[in-house]
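Quick note on labels: first sequence line is chain A, next is B, and so on, each numbered from 1. All values below come from the heavy atoms of this structure, side chains included, with hydrogens, waters and symmetry mates left out. The structure displayed is predicted, hence computed values, not measured ones.
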2 protein chains.
Amino acid sequence: MATIKEVSDLAGVSQATVSRVMNGNNKVSAVNRERVQAAMEKLGYQPNSFAQALATNRSYSVGIVVGTLSGPFFGPMMQSIETVLRKHGQHLIATSGDDHIEQEREAVRFLHSRRVDAILLVVQAMTDDEVIELCKQYPNIYVLNRYVPELAERCIYLNNELGGYLATKHLIDLGHTKIASITGPLIHLDARERLQGYRNALSEAGIEYDPQLIVEGLFQEDGGNKAAAKLFQRDVDFTAVVCGNDNIAISVYDILSRTNESPGERISVVGYDDMFYSRYLRPKLTTIRFPIVDMGIAAANMVLNSLDQDLTNGVQLEPSLVVRESTAAPRS
Amino acid sequence: MATIKEVSDLAGVSQATVSRVMNGNNKVSAVNRERVQAAMEKLGYQPNSFAQALATNRSYSVGIVVGTLSGPFFGPMMQSIETVLRKHGQHLIATSGDDHIEQEREAVRFLHSRRVDAILLVVQAMTDDEVIELCKQYPNIYVLNRYVPELAERCIYLNNELGGYLATKHLIDLGHTKIASITGPLIHLDARERLQGYRNALSEAGIEYDPQLIVEGLFQEDGGNKAAAKLFQRDVDFTAVVCGNDNIAISVYDILSRTNESPGERISVVGYDDMFYSRYLRPKLTTIRFPIVDMGIAAANMVLNSLDQDLTNGVQLEPSLVVRESTAAPRS
DNA sequence: TTGTACGCGTTATCAG
DNA sequence: CTGATAACGCGTACAA
């Protein structure tokens, strides 16, 4: 591996000049610039990023800690983050907290010892307070897919309320009035906001909110199944279900299939997130699109900006309705 | 950020002693060791990994370049790689080639300039020759999910032939004799091997191979759809389909649904890969399980081993059959 | 067992 | 515009 010294020797200039050429410093004569470039080319020179990092105290890398790397959510997000970052000479170091608080903390420490320029946090296991604490301890932490009021300017999050509203409004527009909702775990702000959007749409249409029509889905793998079952066992009448996410919608699909029914017939179903596998569902799922890729891009840009001028602003992204086949006008 | 010097000052010893304590060197008196540890604790000392890397010429990080970070495949794989690696103090730097050869090459260069200890290659866009060339150029490259004969000892790959065999054998055992197959793109070795497994099973059962029953699926998003359509338009009789992957199986699901049929009735369907979303298909897909997580673990261990003693051996993993609902005995 | 001092490959300051 | 030279933080022979 060639070093800057070998390049400077070959080019017959000082290391300083080589360094200047690398960093696009203008104050180098054209002759020397070309000599240096030729030498670099010949030696296949690649600057040692550790030496650079040591000298500049910047690592040109950003760390991301996610709850879990698997699952359909993080792939696309990391993809877009990495693409933007790399275009600007930054690298992405990926760590996973395995959805355990302690491991998430440890991941942050780890990244910090790697002197990353910034840390992206995409975690659920920690409480808001713990996130806040972490942000105090280490600078340049950004929070994705989560809104922490005290950290508003470092959060990139979805307007979940709007999504809940859009989903419900769509059903109302189709003529539904008896609309149930299976929410995600309500200890998560997202889930509460989505529910609030549902309520907003109802109230806007003058439809009364009925707690009987609400069920809370829990965390576990089959949390959605249990919640959906509960709803259908209740003695309430409804013609549509707004789901807290696509997985819950799948649970509803399953329940309907047991009676040989299909979503969009007696019961309309709306999902939330538009996970890529949702298109494999039949009938195709009407759902709320979560702009995952945009969120990644926004995060990457926020990091990039904060490295120059250290002002940042939180970013709120907007979900949108994707109408497919699982919703239709109620049968009269 | 505290440095080794501040620690040594506080502890009243030399930097060398602090360094020794960090690196578990025995030749430090118990007294000093404790003093140093106390000082480190008090200062919240974290070694600067760049300085370490510069001094030792080792980075304690491994890079991975994947064709694309999105898609259901890489999440679980990276998850397992990262978990193993981190346990051994190594970090994972993730880069994506966006399925373009040039970007994949560039990613390798990038990682190399980061002085990663090893590079994991999970790419499809490059040809074997290009991969070989790269391995010559840079040492410590490992190839995942791909078998390159010349690079056998650095490959971690699946026994695809066995998978094809298992899928087909399962159908034969159920009583099928007219078994079609929609393969993946046959320029990929995987696809050819899977097809070969299909042939082996047929021949073992004394069933003649009929080219009319074979269709090649292509790359594009709808490649599977087109291939499936082609098969069903042909004037051939069959009661089961072995698919080159789960996506192709989904295409078959779709075609059957157009005539209000369901897999496992007139036509049985077997997938390949057992992508996690396959469980959301209804009826649930019978498929070949690809041990993604194991592959990640094997890769991480291979890297770890090669860093100590630089001997490595290729690893072949075995797929297994997962019987669910999309296969049944043929109707008589 | 401990400390001194040099080297790792860059950047950046300061004279020239 | 260019070249010495001092950091940057740590590991490690070598000497004590």
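- Regarding contacts with the backbone of D/dT2, a side-chain N or O of A/N32 is found under 4.0 angstrom from either OP1 or OP2.
- For the pair B/T17 and A/V18, both in contact range of DNA chain C, the more 5′-proximal nearest nucleotide belongs to B/T17.
- Annotation: A/E102, atom CD; neighbour count of heavy atoms from other residues, nucleotides and ligands within 6.0 Å is above 12.
- Nearest heavy-atom pair across A/R58 and A/Q90 is NH2-NE2, 3.4 Å.
- Between the P atom of D/dG9 and the CZ atom of B/F50 lies a distance of 12 Å, rounded to the nearest Å.
- Residue whose closest nucleotide on DNA chain C sits further toward the 5' end, between B/K27 and B/N57: B/K27.
- Of the residues near DNA chain D, B/R20 and B/S49, the one whose nearest nucleotide (by heavy atom distance) lies more toward the 5' end is B/S49.
- Using a 4.0 Å cut-off, no side-chain N or O of A/T3 falls inside it from OP1 or OP2 of C/dG9.
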Which donor-acceptor pairs under 3.5 Å do the side chains of residues 71-87 of chain B make with protein atoms, sequence neighbours left out?
from, atom 1, to, atom 2, distance (Å)
B/Q79, OE1, A/L69, N, 3.0
B/Q79, OE1, A/S96, OG, 3.1
B/Q79, NE2, A/T68, OG1, 3.3
B/Q79, NE2, A/D98, OD1, 2.9
B/S80, OG, B/P76, O, 3.4
B/S80, OG, B/M77, O, 3.0
B/S80, OG, B/V293, O, 3.2
B/E82, OE1, A/S96, N, 3.3
B/E82, OE2, B/R86, NE, 2.8
B/T83, OG1, B/Q79, O, 2.8
B/R86, NH2, A/S96, O, 2.5

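- One finds the CG atom of B/L121 at 9.0 Å from the CD1 atom of B/I64 (value rounded to the nearest 0.5 Å).
- Rounded to an integer number of Å, the gap from CD1 of A/I4 to C1' of D/dC8 is 15 Å.
- When distances run from any side-chain atom of B/M22 to the nucleotides D/dC10, D/dA4, D/dT12, the shortest one goes to D/dC10.
- Distance from the side chain of A/A55 is smallest for C/dT11 among the nucleotides C/dT4, D/dC10, C/dT11.
- Residue B/Y45 places at least one side-chain N or O closer than 4.0 Å to OP1 or OP2 of D/dC10.
- At C/dG9, none of the side-chain N or O atoms of A/Q15 fall inside 4.0 Å of OP1 or OP2 (strictly under the cut-off).
- Here D/dG9 presents its P atom at 16 Å from CG of A/N48, a figure rounded to the nearest Å.
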